[in-house]
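Data first, discussion second: the structure below is written as structure tokens.
Read the numbers this way: they start at 1 and go in the same order the structure lists the ligands and their atoms. Just so it is clear, the values below take in all heavy atoms, side chains as well, and ignore hydrogens, waters and symmetry mates.
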Amino acid sequence: MKVVLLYVASLDGKLTKWEQTTVHEWTSPEDAAHFQKIRDNSNLIVMGIQTFLDVQPTPTNGTLRIVMTKDADMYAKKTVPGQLEFSKELPEQLIKRLEKEGYKELLLVSGQKLTTAFFQKNLIDEVWITIEPKIFGTGKSLITEEPMDISLRLLSSKQLNENGTLLLHYKVL
Ligand SMILES: NC(=O)c1ccc[n+]([C@@H]2O[C@H](COP(=O)([O-])OP(=O)(O)OC[C@H]3O[C@@H](n4cnc5c(N)ncnc54)[C@H](OP(=O)(O)O)[C@@H]3O)[C@@H](O)[C@H]2O)c1
């Protein structure tokens, strides 16, 4: 399974502005367009519970969204077979199951905790990062604070607008 992580961050590496839960107030229209393009080309998307609650994505035919939460049973009623699932599996268990189901690529739109869990198990193959030219000082970082040593190689870079929003695409080595 190829796992592709997609996220947007401030110049000082924050995934959220201070304690705000949603990112749309500070991200650019160009990042939104990029997100939409990648999302529309994915048939398998994994996210954390807060992202799901913030975005409330509409279940779509042909795309399976999996929301990771230890309270998966509590959300079972919201399940839409083949389109929306809630899972309390560990990342490596989830990937094994999805591989058996025939999936080849997974788009990970995770925050700090899930991203850390996937990186800890070396499950991420590629990273798309949009850097917005903003500095927030506080907010959630990409990874929870613990030692990690991951090397990546830049595949492409692009300036998305006049302010200098940057789109970077990396391969995890
Ligand atoms: N800037 C960006 O690109 C970006 C991307 C994604 C999210 N965010 C922001 O980040 C914040 C947090 O969002 P999120 O909750 O969706 O973050 P997340 O780190 O993607 O998900 C964390 C949640 O996943 C569940 N989980 C299930 N298995 C886990 C495991 N093995 N390890 C860790 N967590 C596991 C837990 O839910 P339970 O607590 O229910 O068990 C946990 O609270 C939000 O404010 C969101 O807007 C920003």
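When only non-hydrogen protein atoms are considered, atom 32 (N) of ligand 1 lies nearest to Ala117 CB, 3.7 Å. Among protein heavy atoms, the minimum distance from atom 42 (C) of ligand 1 is reached at Lys113 CD, 4.1 Å. The closest protein non-hydrogen atom to atom 28 (N) of ligand 1 is Leu114 CD2, 4.0 Å. Atom 20 (O) of ligand 1 has Gly111 N, 2.6 Å as its closest protein atom, hydrogens excluded (heavy atom only). Atom 2 (C) of ligand 1 has as its closest protein heavy atom Val8 O, 3.5 Å. Of the protein's non-hydrogen atoms, Thr69 OG1, 2.5 Å is the one closest to atom 40 (O) of ligand 1.
With a heavy-atom cut-off of 4.0 Å, Pro91 touches ligand 1 through its side chain alone. Residue-level proximity to ligand 1 for Gln112 is carried by the backbone, the only part with a heavy atom below 4.0 angstrom. The side chain of Val23, and not its backbone, has at least one atom closer than 4.0 Å to an atom of ligand 1 (non-hydrogen atoms only; side chain from C-beta on). By the criterion of a heavy-atom distance under 4.0 Å, both the backbone and the side chain of Ser110 are placed next to ligand 1.
No single ILVMFWY cluster, assembled from side-chain heavy atoms under 4.5 Å apart, contains both Ile129 and Leu6.
Using a cut-off of 4.0 Å between Lys/Arg side-chain N and Asp/Glu carboxylate O, Lys171 and Glu126 are scored as not salt-bridged. Between Arg97 and Glu101, at least one side-chain nitrogen of the basic residue sits less than 4.0 Å from a carboxylate oxygen of the acidic one, meeting the salt-bridge criterion. Between Lys88 and Asp73 there is a salt bridge, with a side-chain nitrogen of the basic residue lying less than 4.0 Å from a carboxylate oxygen of the acidic one.
A donor-acceptor pair under 3.5 Å links the side-chain atoms of Thr16 to the main chain of Lys140, judged by distance alone. When atom types are taken as modelled, the side chain of Thr60 and the backbone of Thr58 share a donor-acceptor pair closer than 3.5 angstrom.
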| request: Go through Arg65 and Gln83 one step at a time and tell me if the side chain to side chain contact (heavy atoms under 4.5 Å, CB included) criterion holds. | output: CA-CA 6 Å; Arg65 287 182 172 81; Gln83 298 182 24; over 6 Å; no
Evaluation steps, side chain to side chain contact (heavy atoms under 4.5 Å, CB included), between Ile95 and Val3:
CA-CA 9 Å; Ile95 286 185; Val3 177; 3.6 Å; yes
Quick one, Glu89 with Ile66, criterion side chain to side chain contact (heavy atoms under 4.5 Å, CB included). Give me CA distance, side-chain angles, the key distance, then yes/no. CA-CA 11 Å; Glu89 292 159 289; Ile66 300 183; 5.8 Å; no
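Between Trp128 and Tyr7, a ring centre-to-centre spacing not shorter than 6.0 Å is recorded.
Of all atoms in ligand 1, numbered sequentially from 1 with element shown, those under 4.0 Å from a heavy atom of Gly48 are 16 (O), 20 (O), 21 (O). The ligand atoms of ligand 1 that sit less than 4.0 angstrom from a heavy atom of Thr21 are 44 (C), 45 (O), 46 (C), 47 (O). The contact set between ligand 1 and Thr16, taken as ligand atoms under 4.0 Å from a residue heavy atom, comprises 9 (C), 10 (O), 45 (O). Each of the atoms 3 (O) of ligand 1 lies under 4.0 Å from some heavy atom of Tyr7. Within the listing of ligand 1, atoms 6 (C) sit less than 4.0 angstrom from a heavy atom of Val109. The Ile49 neighbourhood of ligand 1 comprises atoms 16 (O), 37 (O), 40 (O), with distances under 4.0 Å to a heavy atom of that residue. Ligand-side atoms of ligand 1 in range of Asp54: 47 (O), range being under 4.0 angstrom from any heavy atom. Per-residue contacts place Lys70 under 4.0 angstrom from the following atoms of ligand 1 (heavy atoms of the residue considered): 38 (P), 39 (O), 40 (O), 41 (O).
Closest heavy-atom approach to atom 7 (C) of ligand 1 among the candidates Thr27, Thr51, Leu15, Thr116: Thr51. When the options Lys17, Glu19, Met68 are ranked by their closest heavy atom to atom 24 (O) of ligand 1, first place goes to Met68.
More than 12 heavy atoms of other shown residues, nucleotides or ligands fall within 6.0 angstrom of atom CD in Glu146. Applying the 6.0 Å contact sphere to CD of Gln56 captures more than 12 heavy atoms from other residues, nucleotides or ligands.
Within the 4.5 Å cutoff, the side chain of Ile49 has no heavy atoms near those of the Asp71 side chain.
Checked by distance only, ligand 1 and Gln50 come closer than 3.5 Å through their nitrogen or oxygen atoms. Among the atoms of Lys140, none of the N or O lies under 3.5 angstrom from an N or O of ligand 1.
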